[in-house]
Structure formats: structure tokens, C-alpha cells
Amino acid sequence: MTTTQPKPSSKHAIKGLLPGELAEFFVSIGEPKYRAAQVFKRLYAQQADSFEAMTELPAALRKHLAETAEFRPLELAHLQQSADGTKKFLFRLADGREIETVLIPSESVEEDCAPKRLTICVSTQVGCALNCKFCATASLKMKRNLTAGEIVEQLLQAQHHSDKPITNLVFMGMGEPMLNYDNVMKAVEIFTHPDVQLLGARRITLSTAGMVEGIRKMADENRAIKLALSLHATTDGLRTELMPINKKHSLRELGDALEYYYRKTGSPVTYEYILFEGLNDKDEDARRLQRITRRVPSKVNVIPFHPIDFTNPSGISAQLRPTSADAFHDFIKRLRELDVTVMIRSSSGKDIHAACGQLALSHGVEGA
Ligand code: SAH
């Protein structure tokens, strides 16, 4: 991580405000409220790259905004492109901390007929508190939540670096989105706002390590975005070893929360399942996986394990291996025989450490 720590801006963070909050801000700086709606659209729907560029506004207002409001909550520090077209962005925040965002052309290898997708994988926290043993972000520990503006800006800047429109968004970057619930939902409300329409709610997926309170809250609020659960094990023993959060919320409790979610929202659930050699890739795992996932309409995304050697893992983290190609395909075949709907997650961006779970600022991890 960078050692220079620029002073946080004293200007007001304008990105990430909902229309009502933006109107309040305009009133607080003595500007007419109605201008807020115009600026809201300009920030997100017709993306201006500075206040100066909003030439439809009076010059005095543009100057006033530039003096009082911060236009960019994060700066692009580094951009890496993978051979497969995946792009990894390293963004520097106003307090000098850094996060990564990934842009992936066409996610799934299974959907040959589907129209081309461009998926953005967005971070929600700097670091992460959950300490999942297979995840590179765990090596950074938890630093802080991202603001709604910092979440939204990842998409705005990534879009700027792509000639094709971003079609899908997954909250699968650094951090646990449920532990930054309010800011994540605020970002969702901005992306899907009728005056913005950057993305439809069904093109946004929130992935959680299994925060039961958050799942129930999404259900109670009838959120239209999709939900994915990082499952990765079919017994509490193994899951607790791999994901310490399982001590707090067992598989049964998670299953109950997902059933509640499905009853309230009518939305199917996606289970994410990384295959680890010899640990969770046996026939009995496939059978247990079928029993767990049949409680609600769902599909299973089987993910190859992306090694995280660059974080200098120790303990169980150092023993994890990807399942062989043959065993991987046998496992998928078995699930299909058991009538489980299966998707295979591709490994886009692996060569630049931009694949699932590899976000850890590899240049900044101690010893890497
Ligand atoms: N905290 C959230 C979102 C971030 S992780 C969650 O746990 O779901 C996004 C996805 O990448 C999760 O399914 C996670 O389990 C998976 N993942 C993490 N590390 C990985 C690795 N080394 N290889 C493959 N997938 C990984």
C-alpha cells in the first residue's frame, strides 16, 4: 500500500448522493434546489468529466461547485490488461488507500448464445474482515468501508476506459458488501435510478459470504437485485475451517435465511462453489450440495480455485489446491445427473491476478 497519504479533501463529496441529498447540498451552499436534478443526471446518465464540462450550467454555478464539491472520489493509479481482455484498475482513494476493480468481457463460458456481456466487478470495502482462507483480500485485513461515491465512481471511471457499455455489475471485488449495506444499496439506487438507468436491477448481483442479517434485510426491503451466496463447502466442519464466519451463521441458518429471502422476493439464488482438490470435490459433496441447494430455486456457479501464493499464505491457506480438470468435469457431470443447474465460472484475468478472489493489491502485500 502507498506510503504517501494525501490529505482527505475538505470539499463536499458530491458523488454518491441521492437526488434528495443533492438538493439539500445545493440549498446548503445557497444554490437553487432545481439545479440538483440537472446535475444528478449529468453526473451519472450523461457523464461529465468535470464541473467545468457541464456547460449547460451558468459559469458562476460551475465555479462555485468546483470550489465546494469534490468531483472525483478516486483516481486511477494503474490499469492492467489481461490477454483475454480483462482489465484491472487500481484506484487511489482520497485518503491514499487503494482498491481494485475488474472489467470482464463476457463472464460465462457456458452461454455461447447469450449476447456479449461486459461485467464490472466492484469493491465495497478496503480490505475485508472475514478472513476466508482461500481469498487474497483477507491478507489486507479490514481498513474501512467505501463510501457510496467511491462505489459508484468505480463504474464511472471503468466505463470511461471502455468503448462498449458495461452491461452487468457484481459486488464481488474486495470486501463483504453486506457489511457495508447502506452504501452498497445507495450505489444500487443511483445506478438504477429512472433518471440514470446505467443498469437494470436484475443485472446487478450482490455476493455474500453468508451474512444472515443482510440476506433477511434484502428480503424485507424487497430488493430487486440478485443474490449470490459463497457456499464452498457442504459441511459445517469444512465451511468453518475455510470461512470463519460460518461459526456465527451455520449452513442451516443460512438455508433458513435464503428460504425466507425466496419467499419474500420470489428471486432464485446463485450458490458459488470453489472446487478444492480433495476437500470438497467428492461424490458425497455433490450429493450434499444438491440437498442444500434444492431448498429454493437456484443455480450453482462452480468456480476453479485461483491460487493466492502471492500473498504468502500459511496454515490451511497454503494447502489449498485447485481440483484437476478431470475431477472438475466429473463433479459438474455428477451435479447435472442430480438435476442441479450448474454454470462454470471462467478464470478471466488470472494472468494479472484479476480473477475471483485474487484482489489484494499484489504489489502491496507484504513479501509479494
Ligand atoms: N465477500 C463476498 C464478495 C467478495 S468475494 C463473498 O464472499 O461472496 C467474490 C467471490 O470470489 C466469492 O464467491 C468468493 O468466495 C470467491 N473467491 C474468493 N477467493 C477466491 C479464489 N482464490 N479463487 C476463486 N474464487 C475465490
Side-chain angles (χ1 to χ4, degrees), residues 86 99-102 104 107 119-142 145-146 151 154 168-181 184 204-212 214-215 218 225-233 238-239 241-246 248-249 254 257-258 269-277 279-281 299-313 316-323 328 343-360 362 365:
T86 300
I99 53 161
E100 289 180 338
T101 305
V102 182
I104 314 151
E107 242 275 274
T119 302
I120 186 166
C121 177
V122 166
S123 290
T124 55
Q125 299 182 311
V126 188
C128 187
L130 297 185
N131 202 16
C132 297
K133 300 302 173 193
F134 46 80
C135 180
T137 305
S139 60
L140 297 176
K141 308 284 186 300
M142 172 60 179
N145 279 336
L146 293 183
I151 297 172
Q154 293 173 61
N168 295 68
L169 181 147
V170 292
F171 288 111
M172 294 188 190
M174 301 169 134
E176 169 52 46
M178 291 295 196
L179 293 177
N180 188 13
Y181 189 91
V184 166
I204 300 178
T205 302
L206 184 151
S207 174
T208 178
M211 308 308 300
V212 163
I215 295 171
M218 263 180 78
I225 59 170
K226 294 189 188 174
L227 178 65
L229 174 81
S230 295
L231 186 66
H232 309 324
L238 179 63
R239 195 162 190 274
E241 245 189 289
L242 294 172
M243 305 175 73
I245 186 66
N246 195 70
K248 190 165 170 219
H249 303 300
L254 270 181
L258 291 176
V269 171
T270 298
Y271 291 91
E272 294 159 280
Y273 194 82
I274 306 173
L275 280 182
F276 300 105
E277 186 179 57
L279 276 186
N280 66 354
D281 57 355
K299 64 178 185 203
V300 176
N301 233 327
V302 181
I303 313 175
F305 171 54
H306 299 126
I308 53 165
D309 305 341
F310 62 94
T311 65
N312 284 340
I316 183 174
S317 304
Q319 288 153 29
L320 300 172
R321 300 277 174 271
T323 294
F328 194 96
M343 313 267 291
I344 305 171
R345 173 84 57 81
S346 71
S347 293
S348 311
K350 216 163 86 173
D351 55 337
I352 54 168
H353 289 164
C356 282
Q358 288 195 316
L359 302 187
S362 37
V365 174

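Below, all heavy atoms of this structure are taken into account, side chains as well, without hydrogens, waters or symmetry copies. Read the numbers this way: they start at 1 and go in the same order the structure lists the ligands and their atoms. All residue numbers in this chain count up from 1 along the given sequence. As the structure is a computational prediction, the values presented were derived from the model and not from experiment.
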Heavy-atom side-chain proximity of [X] to [Y] below 4.5 angstrom:
{"X": "Ile215", "Y": "Leu254", "value": "yes"}
{"X": "Thr270", "Y": "Leu227", "value": "no"}
{"X": "Val269", "Y": "Tyr271", "value": "yes"}

For residues 127-137, dump all side-chain donor-acceptor pairs below 3.5 Å to protein atoms at least two apart in sequence or in another chain.
from	atom 1	to	atom 2	distance (Å)
Thr137	OG1	Leu359	O	2.5

Who pairs with Thr205 by side-chain contact (heavy atoms from CB on, under 4.5 Å), at least two apart in sequence or on another chain?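 By the side-chain contact (heavy atoms from CB on, under 4.5 Å) rule, Thr205 matches Val170, Met172, Lys226, Ala228.
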Identify, with sequence neighbours excluded, every residue that meets side-chain contact (heavy atoms from CB on, under 4.5 Å) alongside Ser230.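 If we apply the side-chain contact (heavy atoms from CB on, under 4.5 Å) test to Ser230, skipping adjacent residues, the hits are Ser207, His232, Met243, Glu272.
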Under a 4.0 Å heavy-atom cut-off, which residues neighbour ligand 1?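 Correct list: Phe134, Cys135, Phe171, Met172, Gly173, Gly175, Glu176, Pro177, Ser207, Thr208, Ala209, Ser230, His232, Glu272, Ile274, Ile303, Pro304, Phe305, His306, Ile308, Cys356, Gly357.
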